[in-house]
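Letters A, B, ... mirror the listed sequences (proteins, then strands); counts begin at 1.
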Number of protein chains: 2
Amino acid sequence: MLDKIESKGTEKFSPRQNAVLEEALRLLVSGGEKALTTAGVARAANCSKESLYKWFGDRDGLMEAMISYQASKVRTGEGAHTHLTRETLEKALSDFAHDLLDVLSGDVSLALNRLAIGQSSRDGSALGAMLLERGRRQIDKRAMNLLVAAKRAGLLDFDEAADAYEVLYGLIVRDLHVRMLLGEDISVLRKEFGSRADKAVDAFLRLFGTRKALAD
Amino acid sequence: MLDKIESKGTEKFSPRQNAVLEEALRLLVSGGEKALTTAGVARAANCSKESLYKWFGDRDGLMEAMISYQASKVRTGEGAHTHLTRETLEKALSDFAHDLLDVLSGDVSLALNRLAIGQSSRDGSALGAMLLERGRRQIDKRAMNLLVAAKRAGLLDFDEAADAYEVLYGLIVRDLHVRMLLGEDISVLRKEFGSRADKAVDAFLRLFGTRKALAD
DNA sequence: TCAGTTACGTACCGTACGGTACGGTTCTGT
DNA sequence: ACAGAACCGTACCGTACGGTACGTAACTGA
């Protein structure tokens, strides 16, 4: 008789439930939080409201499940970095910048962030923490691994990898994320992603690159 | 018979209306968007709902007026920069970093940003644009003036002031704004503002400072 | 074949909120 | 002093939504 979501944080959902969550995400993306009504989700997913409440507890549980489900989809492989040279490091940093910008500008990501921000003023509401932990943390790890590997290869120099990574993040994203969350036209911003990534990598290497990395 | 808000964007409000908007902001800060009900504002401000609708049209108009009013309060004097030296530039940049972090971490700022982000998925809803234009743009100008003055003094070197400013912004704020919007504990983050500002200014000067500025 | 379970669809309830209407009160200009 | 406007307080309306209850269809296992 497991009528409550169990193990709080690592639960997996049944295929049917995944399908429902998928539809809920689609609804959220298309119409914002306002459109995410229990009746609306039930109708869109061809399930009953009673099932929703049995599976997810209440509306908050549904939103948590949506974040959890979405996070489980976006597993970022943290590929091992061997044979790092200046060229491959620059390429890896550039790839990371592009991936980061793509993720942050994605429909679902923006919708979930807006949802979590909207709930953040309420009580507990660990949506924001969940989003950071399950979404961003994974991407962060990948970049941190890259930076540490680059330091070991003598291409980068820094004291704290976390500090260096934050600088990299700031150089890439700047105020773009908030602007997108505020509704700025994404198609316009997306055109600049290329030059944005290039400039960020260039500046980052000037800040943290060793002479070995900067040698032309 | 001016039953509509006129001149769209530069309107001023009567003292009574300002007091009501002040109370509305207090309500928004304390309880988030959910707490910002027309009845609640009327009760808190000791005015009638009918007056609210007469003055601001509807709930959206009230929210626009709140942003407009708040923006009108935070006029940042863009002091002229004469006699810029390496020390005064570093001081001015550090002051700017602190001011920026203080503004972004302010209760009212966070509440209004959350409000605008929540509305951004809806139709037109120019709240986000208003917030950027009336709030951030003012701060941006101040920093741009500083950067241009520093370039003229031979302390900084860059092609586009806007680009350099974006880098400065990214170095200072990084992902802090979004984390605060997501509900991360501000008192914890605030302790790092000092080192954050110092590191940002240091990195910025390494990126854009001339030899004259870097000379110890 | 026949319980027992799961889940669908619908109807229902209570509440909260946006917006309107109206009588009474204070302010203002003459 | 008086008329008219502005405004307050409250009551009211319609709707939308979260959550629950119930009847019924489909599936499952012995």
Side-chain angles (χ1 to χ4, degrees), chain A residues 1-6 11-24 27-28 30-66 69 114-115 118-119 121-125 127, chain B residues 1-6 11-24 27-28 30-66 111 114-115 118-119 121-125 127:
Chain A
M1 185 186 279
L2 59 158
D3 57 348
K4 273 274 185 177
I5 294 174
E6 59 180 2
E11 72 272 11
K12 262 294 192 177
F13 303 109
S14 73
R16 178 75 182 107
Q17 289 166 11
N18 283 344
V20 170
L21 293 174
E22 190 71 43
E23 211 59 41
L27 217 59
L28 176 66
S30 72
E33 174 178 2
K34 202 199 90 156
L36 195 70
T37 69
T38 54
V41 172
R43 196 178 331 114
N46 287 325
C47 75
S48 70
K49 285 174 67 173
E50 194 167 7
S51 299
L52 287 183
Y53 283 95
K54 170 175 276 186
W55 292 332
F56 308 112
D58 57 3
R59 189 171 181 269
D60 289 347
L62 172 65
M63 296 190 294
E64 287 184 24
M66 288 166 65
Y69 167 68
R114 290 198 184 106
L115 182 66
Q119 297 289 318
S121 49
R122 286 276 299 162
D123 53 89
S125 187
L127 287 192
Chain B
M1 186 187 279
L2 60 157
D3 57 349
K4 273 275 185 176
I5 294 172
E6 59 179 4
E11 71 272 14
K12 262 295 193 179
F13 303 109
S14 73
R16 177 77 181 108
Q17 290 166 9
N18 283 344
V20 170
L21 293 174
E22 190 73 42
E23 210 60 41
L27 216 59
L28 177 66
S30 72
E33 175 178 359
K34 202 200 92 156
L36 194 71
T37 68
T38 55
V41 172
R43 194 178 332 114
N46 287 325
C47 76
S48 69
K49 284 174 67 173
E50 194 168 7
S51 298
L52 287 183
Y53 283 95
K54 169 176 277 187
W55 292 333
F56 307 112
D58 56 5
R59 190 171 179 270
D60 289 346
L62 172 64
M63 295 190 294
E64 286 184 26
M66 289 167 65
R114 290 197 184 105
L115 182 66
Q119 296 289 318
S121 48
R122 284 278 297 163
D123 53 89
S125 187
L127 287 192

Q | Nucleic acid footprint by protein, nucleotides 12-19 of chain C - heavy-atom cut-off 4.0 Å, B for base, S for sugar-phosphate alone | A | -----SBB

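In this structure the side chain of Met63(A) reaches within 4.5 angstrom of the side chain of Leu36(A), judged on heavy atoms. Using a 4.5 Å cut-off on side-chain heavy atoms (C-beta onward), Phe13(B) and Val20(B) make no contact.
Contact check, Arg16(B) against dT26(C): no side-chain N or O comes under 4.0 Å of OP1 or OP2. For the pair Trp55(B) and dC7(D), the criterion of a side-chain N or O lying under 4.0 Å from OP1 or OP2 is met. Listed pair Ser51(A) / dC8(C) meets the phosphate criterion, a side-chain N or O lying under 4.0 Å from OP1 or OP2.
If you take CG of Leu52(B) and P of dC7(D), they are 11 Å apart, rounded to a whole angstrom.
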When the side chains of residues 41-48 of chain B are checked against the rest of the protein, which donor-acceptor pairs come out under 3.5 Å, sequence neighbours left out?
{"from": "Ser48(B)", "atom 1": "OG", "to": "Ser51(B)", "atom 2": "N", "distance (Å)": "3.1"}
{"from": "Ser48(B)", "atom 1": "OG", "to": "Ser51(B)", "atom 2": "OG", "distance (Å)": "3.0"}

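Nearest approach of Ser121(B) to Gly32(A), heavy atoms of both residues: OG-CA, 3.5 Å. Arg59(B) and Tyr53(B) get closest at one heavy-atom pair: N-CE2, 4.4 Å.
With sequence neighbours excluded, no residue forms a side-chain hydrogen bond (donor to acceptor under 3.5 Å, both in side chains) with Ser30(A).
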